[in-house]
Amino acid sequence: MLGRVFRYQGWLWRALNTLTDILALSVLWLLCSIPVLTLGAATTALYDSVVRCIRYKQSGPYERFFRTFKNELVPGLLLTLLWGAVAAFGLWMLALLRQYSAEAPTAMAAGAAYYVALILPLGAICWVFPILSRCAMSFGALNKTALKFAAGHLPSTVVLVLMTAEIARLSVRWLFPLAFMPAVLMLLWSLFTEPAFKKHGAGIAAETERENTENAADASEKE
């Protein structure tokens with residue numbers, strides 16, 4: 001029985017490999033995000049490697065992480081500047097409204113409305129990096145698509161924002177969740193983003209099918 005448990009490709013071995021990948025990819029994301037401006041590229045690489053290699057069991061998670069990080073470094077930097085500024089301004093305004101609400105109860109309604117208004121830009125941030133990992137688009141088209149997904153899949157967007165905010169809060173407060181929560185968050189994101197991608201023809205299964213068709217066509221031409 002122990003042999004079946006501990007044998008190569010047994011369930012315990014697979015679980016340990018998955019746990020190791022979650023920890024290692026989270027640490028890689030943390031290290032690559034230290035310059036701050038590389039946060040977008042690191043998040044894109046983390047989502048790509050976690051979804052493909054942990055959720056869909058493809059091989060080479062670390063090679064994929066570094067390859068995606070390198071390929072998406074420039075657009076990831078531009079997205080970090082754009083959406084980082086949007087998020088910083090939005091959260092700063094929120095802090096001001098919370099302060100005014102404490103001093104003037106009549107401002108509470110404005111604060112509540114602002115919370116709702118923040119969902120769309122913060123949600124677009126949660127969508128834009130998974131979209132970057134999956135689709136080749138111009139910078140403008142990428143941001144428009146992220147906003148469309150955020151608005152078109154609003155229930156999922158609300159969940160993405162709330163999950164991300166709570167995990168960020170826990171990570172800042174306790175620090176140790178940073179060792180594993182980034183990769184776990186990407187897995188949680190994928191529960192909502194991947195069905196949307198599949199609906200729009202950009203799912204992993206559809207992509208794999210297209211690659212197989214192209215490979216078969218190339219093989220037929222060579223024959």
Side-chain angles (χ1 to χ4, degrees), residues 26 29-30 32-48 50-51 72 75-102 107-135 137 139-175 177-178 181-197 199-200 202:
S26 295
W29 174 85
L30 185 60
C32 291
S33 299
I34 288 175
V36 180
L37 289 178
T38 57
L39 183 62
T43 303
T44 303
L46 181 65
Y47 181 87
D48 190 43
V50 164
V51 171
E72 309 301 344
L77 187 149
L78 295 175
L79 289 171
T80 301
L81 289 171
L82 172 63
W83 290 109
V86 170
F89 178 77
L91 295 175
W92 174 68
M93 288 293 295
L94 180 61
L96 289 180
L97 281 172
R98 291 179 64 181
Q99 180 181 347
Y100 293 149
S101 297
M108 292 182 63
Y114 190 73
Y115 266 106
V116 175
L118 269 181
I119 290 294
L120 192 60
L122 294 180
I125 295 173
C126 296
W127 282 101
V128 73
F129 299 114
I131 293 171
L132 177 60
S133 76
R134 192 61 51 82
C135 306
M137 297 180 178
F139 185 73
L142 184 63
N143 289 299
K144 289 179 182 178
T145 302
L147 287 168
K148 287 180 180 178
F149 268 77
H153 301 273
L154 192 57
S156 295
T157 298
V158 172
V159 177
L160 290 173
V161 171
L162 293 178
M163 281 194 309
T164 304
E166 181 60 19
I167 288 177
R169 185 187 69 83
L170 292 174
S171 298
V172 169
R173 181 175 181 181
W174 300 106
L175 292 182
L178 286 172
M181 273 303 185
V184 171
L185 179 60
M186 294 301 102
L187 282 173
L188 293 174
W189 275 12
S190 73
L191 297 177
F192 300 91
T193 56
E194 289 304 312
F197 290 159
K199 180 179 178 181
H200 293 278

| request: Would you mind telling me which of N143, T157, T145 makes a side chain to side chain donor-acceptor pair (under 3.5 Å) with W127? | output: T157
| request: Compare every heavy atom of P130 with every heavy atom of C126, then report the nearest pair and how far apart it is. | output: O-CD, 3.2 Å
| query | Quick one: CE on M163 to CG on L191, what's the gap to the nearest 0.5 Å? | reply | 7.0 Å
| query | Which atom pair, heavy atoms only, marks the closest approach of V172 to L175? | reply | O-CD2, 4.1 Å
| message | Is there a side-chain contact (heavy atoms from CB on, under 4.5 Å) between T164 and W189? Walk through the geometry before answering. | response | CA-CA 9 Å; T164 304; W189 275 12; 3.0 Å; yes
| task | Working to the nearest 0.5 Å, report the span between CG of L142 and CG of L147. | result | 10.0 Å
| remark: Rounded to the nearest 0.5 angstrom, the CH2-CG distance for W83 and L122 is 9.0 Å
| request: Kindly indicate, with the supporting measurements, whether the criterion side-chain contact (heavy atoms from CB on, under 4.5 Å) is fulfilled by V51 and R134. | output: CA-CA 11 Å; V51 171; R134 192 61 51 82; 4.1 Å; yes
| message | Looking at every non-hydrogen atom in both residues, tell me the closest pair between S33 and L39 and how far apart they are. | response | OG-CD1, 3.4 Å
| request: Work out which heavy atom in F192 is nearest to a heavy atom in S156; give both atom names and the distance. | output: CD2-OG, 3.8 Å
| task | Can you establish whether the number of heavy atoms outside F139 located under 6.0 Å from its atom CZ is more than 12? | result | yes
| field | Closest non-hydrogen atom pair, L46 against A183 | value | CD2-N, 4.0 Å
| field | S190 side chain to L187 backbone, donor-acceptor under 3.5 Å | value | yes
| said: With a 3.5 Å distance limit and no angle check, can you tell me whether S171 reaches the backbone of P177 through a side-chain donor-acceptor pair? | reply: no
| Can you tell me how far NE2 of H200 sits from CZ of F149, rounded to the nearest 0.5 angstrom? | 4.0 Å
| CG of D48 to CD of E72: how many Å apart, nearest 0.5 Å? | 8.5 Å
| query | Would L132 and T43 satisfy side-chain contact (heavy atoms from CB on, under 4.5 Å), going step by step from the backbone distance to the final call? | reply | CA-CA 10 Å; L132 177 60; T43 303; over 6 Å; no
| said: Once you measure the plane-to-plane angle for Y47 and F197, does it fall in the parallel (<30°), tilted (30-60°) or perpendicular (>60°) bin? | reply: perpendicular
| field | Shortest non-hydrogen separation from L118 to G90 and the atoms involved | value | CD2-CA, 3.9 Å
| message | So does T38 get a backbone contact from the side chain of T80, meaning a donor-acceptor N/O pair under 3.5 Å? | response | no
| field | Gap separating the CG atom of L188 from the CE atom of M181, nearest 0.5 angstrom | value | 8.0 Å
